[in-house]
Trainee: 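Quick one: the structure is below, and I'll ask about it shortly.
We count residues from 1, following the sequence as given. Ligands are counted one by one from 1 in listed order, and the atoms in each one are counted from 1 as well.
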Amino acid sequence: MLKEKTTVLKFGGTSVADAECIKRVCSIAIEEAKTANLVMVVSAMGKTTDGLVKLAKEFNSLPEGRELDMLLSTGEQVTASLVSMCLHEMGYAASSLVAWQAGFITERAHNRARIAKIKTERIQGHLSKGEIVVLAGFQGITDCGEVTTLGRGGTDTSAVAVAAALGAQKCDIYTDVDGVYTTDPRIIPEAKKLDIVSYEEMLELASLGAKVLHPRSVELAKKYDIDLSVRSSFKPEDKGTKVIKLSEVERMELTQAVTGVALDKKQAKLGFIGVPDTPGIASKIFTTLASNNVSVDVILQSVAREGIIDVAFTVNQDYLRKAIQISEEIVKEVGAEKVVHDESVAKISIVGAGMLNKPGIASEMFTALFDAGINIQMITTSEIKISCVIDLEHAEEAVKAIHSKFNLAGTVEEIIV
Ligand code: ADP
Ligand code: ASP
Ligand code: MG
């Protein structure tokens, strides 16, 4: 009864926000199921997860990771069962599965657990009976039976992981925009849709805040060579954006250095003021933060004056409270003057494989910000990206200025000329 081809389709929150949306995605799935064994991976409906996080905070300002996972994982279970019921009503055989049933084994870590393996027997069993399998995304189970979640936006990663485990021919991520754009089309309506983007560029864009794909899903797709596309569930006839290998991206030699602009408005900055300039201080600060599970992003250390330095760094806003708590302890241990923090910062980044070996890109970005009267607080670069930390208040203005500076709204032909 198994068909030759296996396809994984992922549907994000907005795509399953209400009954009408669920019927729409079921029609997309039914069309696909005519030619392939079909696995659907679904997110919680609309803004359900945000609502659950808020609810948790009404009871505890810093909820334990385990309990938060118990709560947040429920959102996806609701969608999976409703989608399956809807498929039955439309005359199709389907079964919904949550993580422990589907064999989604993760590491023993809460709130952003990584997938260790997927025991696919149960999924395969349902597929071989000709059923559409509807998986609850975002969740996992540890080897000792604890419920975990993969981190916000993690259903993309569930989908790509199951596509890899099943050897699926393709994985389509259906969302509320019709592909990956040069920047968030909700901020810049003139942003241009990219027909193709390389795994490398997509990984940078996603890691730097373009939430259209969860960064770990891109990493997995690259590792397992998954045919990955981003499409709109509201415009299923559109092919969307295909994520492909860098070696297949011909445009990189021909066109612009910058492929896209990403904005991360969930950053917060902390600074240690008056730290003694002695060896081992950075190690002490960042080892302590890491061992408490706080990921640090951009780091800046000032030049020493009279044996004293300042060290600033950014973290995701969700970890700010925890980071402050730990930093207060570190201040005492290292004999620093104090720790300060600022929640009103954002990180703006440009990404492009065409940036490799092309000088002057950073200065153009800084000039665009200067011309818009925006101050740069921190800078960090890698081979194919440049990021600046700026005031949150100017975040969207900064995207506009940079997007326009690099002519990203223009067509490829215009840029070549
Ligand atoms: P889903 O609920 O389907 O997972 P998300 O909200 O996680 O959807 O991701 C889709 C959103 O990502 C879009 O609505 C858009 O606002 C945002 N986005 C940010 N950067 C980009 C980009 N470069 N291209 C497309 N969308 C982007
Ligand atoms: N529902 C989860 C979230 O909102 C996972 C996802 O949508 O990918 O983060
Ligand atoms: Mg998402």
Trainee: List ligand 2 atoms under 4.0 Å from Arg152, heavy atoms only on the residue side.
Mentor: 3 (C), 4 (O), 9 (O)
Trainee: Identify, by atom number and element, the atoms of ligand 1 in contact range of Val180, meaning under 4.0 Å from any of its heavy atoms.
Mentor: 24 (N)
Trainee: Hey, does Gly13 come in under 3.5 Å of ligand 1, counting only N/O atoms on both sides?
Mentor: yes
Trainee: Give the contacting part of Lys211 toward ligand 1: side chain, backbone, both or neither, where contact means a heavy-atom distance below 4.0 Å.
Mentor: both
Trainee: Heavy atom to atom 26 (N) of ligand 1, shortest distance: which of Val212, Thr14, Thr49 holds it?
Mentor: Val212
Trainee: Relative to Phe104, does Arg122 satisfy both conditions: NZ or CZ under 6.0 angstrom from the six-membered ring centre, and within 45 degrees of the ring's axis?
Mentor: no
Trainee: Where does Leu205 meet ligand 1, judged by heavy-atom distances below 4.0 Å: at the side chain, the backbone, both, or neither?
Mentor: neither
Trainee: Any nitrogen or oxygen of Asp156, main chain or side chain, under 3.5 Å from a nitrogen or oxygen of ligand 1?
Mentor: no
Trainee: Suppose I only count heavy atoms of Asp176 and a 4.0 Å limit; which atoms of ligand 1 are within that range?
Mentor: 10 (C), 11 (C), 13 (C), 14 (O)
Trainee: Which heavy atom of Pro185 sits nearest a heavy atom of Ala191, and at what distance?
Mentor: CA-CB, 4.3 Å
Trainee: Go through ligand 2 atom by atom and flag the ones less than 4.0 Å from a non-hydrogen atom of Ser43.
Mentor: 6 (C), 7 (O), 8 (O)
Trainee: Which of these, Lys192, His403, Glu190, sits in a side-chain hydrogen bond (donor to acceptor under 3.5 Å, both in side chains) with Thr182?
Mentor: His403
Trainee: Tell me, please: is His214 in heavy-atom contact with ligand 1, that is, under 4.0 Å?
Mentor: no
Trainee: For ligand 1, find out whether one of its N or O atoms is nearer than 3.5 Å to an N or O atom of Lys10.
Mentor: yes
Trainee: Do the side chains of Lys10 and Asp172 get close enough for a salt bridge, i.e. N-O under 4.0 angstrom?
Mentor: no
Trainee: Can you confirm, on distance only, whether ligand 1 has an N/O atom lying under 3.5 Å from any N/O atom belonging to Ser15?
Mentor: no
Trainee: Report the part of Val177 in contact with ligand 1, treating N, CA, C, O as backbone and CB onward as side chain, heavy atoms under 4.0 Å; options are side chain, backbone, both, neither.
Mentor: side chain
Trainee: Return yes when Ser43 approaches ligand 1 closer than 4.0 angstrom through a heavy atom, no otherwise.
Mentor: no
Trainee: Could you see which bit of Thr49 sits under 4.0 Å from ligand 2, with heavy atoms only: side chain, backbone, both or neither?
Mentor: side chain
Trainee: Could you list the atoms of ligand 1 found under 4.0 angstrom from a heavy atom of Ala210?
Mentor: 19 (C), 20 (N)
Trainee: With heavy atoms of Gly153 as the reference, note each atom of ligand 2 found under 4.0 Å away.
Mentor: 3 (C), 5 (C), 6 (C), 8 (O), 9 (O)
Trainee: Under 4.0 Å, heavy atoms only, figure out whether ligand 2 is touched by the backbone of Glu76, its side chain, both or neither.
Mentor: side chain
Trainee: Does even one non-hydrogen atom of Gly179 get within less than 4.0 Å of ligand 1?
Mentor: yes
Trainee: What about Phe313 and Phe286, are their ring centers closer than 6.0 Å?
Mentor: yes
Trainee: Taking NZ, NE, NH1 and NH2 as the nitrogens, is one of them in Lys239 or Asp195 under 4.0 Å from a carboxylate oxygen of the other?
Mentor: no
Trainee: Less than 4.0 Å between a side-chain N and a carboxylate O, is that true for Asp50 and Arg152?
Mentor: yes
Trainee: Measure the distances from the heavy atoms of Gly154 to every atom of ligand 2 and state whether one is below 4.0 angstrom.
Mentor: yes
Trainee: Side chain, backbone, both or neither: which applies to Lys193 and ligand 1 if a contact is any heavy-atom pair less than 4.0 Å apart?
Mentor: neither
Trainee: Please list, in number order, the atoms of ligand 1 under 4.0 Å from a heavy atom of Tyr181.
Mentor: 22 (C), 23 (N), 24 (N), 25 (C)
Trainee: Do any nitrogen or oxygen atoms of Thr155 come within less than 3.5 Å of a nitrogen or oxygen of ligand 2?
Mentor: yes
